[in-house]
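Structure, as C-alpha cells:
Numbered from 1 within each chain, the chains take letters A, B, ... in sequence-line order.
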Amino acid sequence: MRHWLLKSEPDCFSIADLARAKKKTTCWDGVRNYQARNFLRAMAVGDRALFYHSSCDPPAVVGTVEVVRAAYPDPSAWDPDDDHHDPRASPENPVWSMVDVRLEAIFPRAVPLDELRGVRALAGLELLRRGSRLSVHPVSAEEFRTIERLARG
DNA sequence: GCCAACGTTGGC
DNA sequence: GCCAACGTTGGC
C-alpha cells in the first residue's frame, strides 16, 4: 500500500465538496501534467492520500482519502467545453487518466504549509521542495503518519 | 498582483 | 538536440 498527496484548489474543489459528494467519492480528473498522471497510474485501490488545499489562505493538508478505483481514461480531456480540454485526446486516445477517491477523514485541525516546513521528519517531503508544483506525488508512510499526528493537535 | 520556478512549445 | 519564449502553478 502506497501513500500519496493530492492538491486541489478549494475554490475549485474542496474537501467539504468531497464530503457532500455522492458516496463521498469523486473522480480526480483534470490532471494535465505527465509526471502527475504517471503517479495517478501507479495508484492502487486501497492506497491512501493526503488532501491538500492549494492557492488559498492558508494552504494546508486538510484530510485523507482512499483510492477506490485505479486509473482509467479522463473524459474531461476530450470535452471541448472543459477548462482542461486537450485537443489531442479522444476516447480512442485518452492521453490523460484519473482515479476515484473516497473521503476517509477531514482532519480535526488542518495542518498549514507553514507548520509542515518546521517539522524535521518532513524535510524530504516533495510538497516542501523549492519550486515544487506537482499536484500528485508520493509521500512516505512515515511522512503520512507524521502529518496525521500533527492533525490531531 | 507579483514573481520564481518549472513545463511545454516550436524555430533552428 | 538546443534554447528562447511563453504559459502555468502556487506561495507570498
>> Test of understanding: with side chain to side chain contact (heavy atoms under 4.5 Å, CB included), list the residues that count as partners of A/Ala36, not counting sequence neighbours.
In response: A/Val31, A/Asn33, A/Leu134, A/Ser135, A/Val136
>> Please list all pairs meeting side chain to side chain donor-acceptor pair (under 3.5 Å) that have one or both residues in residues 35-46 of chain A, counting only residues at least two apart or in different chains.
In response: A/Arg41-A/Ser97
>> Heavy atoms within less than 4.0 Å of DNA chain C: which residues of residues 50-59 of chain A have one? Give them sorted by number.
In response: A/Tyr52, A/Ser54, A/Ser55, A/Pro59
>> I'd like to check the side chain to side chain contact (heavy atoms under 4.5 Å, CB included) partners of A/Ala42; sequence neighbours left out, ordered by chain and number.
In response: A/Arg2, A/Trp4
> Which residues within residues 32-43 of chain A lie with some heavy atom under 4.0 Å of an atom in DNA chain C?
Replying inline: none
>> For chain A and DNA chain C, what are the first and last nucleotides along the strand, 5' to 3', with at least one atom under 4.0 angstrom from a heavy atom of the protein chain?
In response: C/dG7 to C/dC12
Return a table of donor-acceptor pairs under 3.5 angstrom between the side chains of residues 86-95 of chain A and protein atoms on other chains or two or more places apart.
{"from": "A/Asp86", "atom 1": "OD1", "to": "A/Arg88", "atom 2": "N", "distance (Å)": "2.9"}
{"from": "A/Asp86", "atom 1": "OD1", "to": "A/Arg88", "atom 2": "NE", "distance (Å)": "3.1"}
{"from": "A/Asp86", "atom 1": "OD2", "to": "A/Arg88", "atom 2": "NE", "distance (Å)": "3.3"}
{"from": "A/Asp86", "atom 1": "OD2", "to": "A/Arg88", "atom 2": "NH2", "distance (Å)": "2.7"}
{"from": "A/Asp86", "atom 1": "OD2", "to": "A/Trp96", "atom 2": "NE1", "distance (Å)": "2.8"}
{"from": "A/Arg88", "atom 1": "NH1", "to": "A/Tyr34", "atom 2": "OH", "distance (Å)": "3.2"}
{"from": "A/Arg88", "atom 1": "NH2", "to": "A/Tyr34", "atom 2": "OH", "distance (Å)": "3.4"}
{"from": "A/Ser90", "atom 1": "OG", "to": "A/Glu92", "atom 2": "N", "distance (Å)": "3.4"}
{"from": "A/Ser90", "atom 1": "OG", "to": "A/Glu92", "atom 2": "OE1", "distance (Å)": "3.4"}
{"from": "A/Ser90", "atom 1": "OG", "to": "A/Asn93", "atom 2": "N", "distance (Å)": "3.0"}
{"from": "A/Asn93", "atom 1": "ND2", "to": "A/Arg88", "atom 2": "O", "distance (Å)": "3.4"}

> Excluding sequence neighbours, so at least two apart, what forms salt bridge (Lys or Arg N to Asp or Glu O under 4.0 Å) with A/Asp79?
Replying inline: none
>> By the side chain to side chain donor-acceptor pair (under 3.5 Å) test, which pairs, at least two apart or in different chains, include something from residues 112-123 of chain A?
In response: A/Arg109-A/Glu115
> Under 4.0 Å between a Lys/Arg side-chain N and an Asp/Glu carboxylate O for A/Arg48 and A/Glu66?
Replying inline: no
Listing, residues 49-58 of chain A side-chain donor-acceptor contacts under 3.5 Å, not counting sequence neighbours, or none:
{"from": "A/His53", "atom 1": "NE2", "to": "A/Ile15", "atom 2": "N", "distance (Å)": "3.1"}

> Any side chain to side chain donor-acceptor pair (under 3.5 Å) pairs touching residues 14-23 of chain A, not counting sequence neighbours?
Replying inline: A/Ser14-A/Asp17, A/Asp17-A/Arg20
> Among all residues two or more places apart in sequence or in another chain, which pass the side chain to side chain contact (heavy atoms under 4.5 Å, CB included) test with A/Asp11?
Replying inline: none
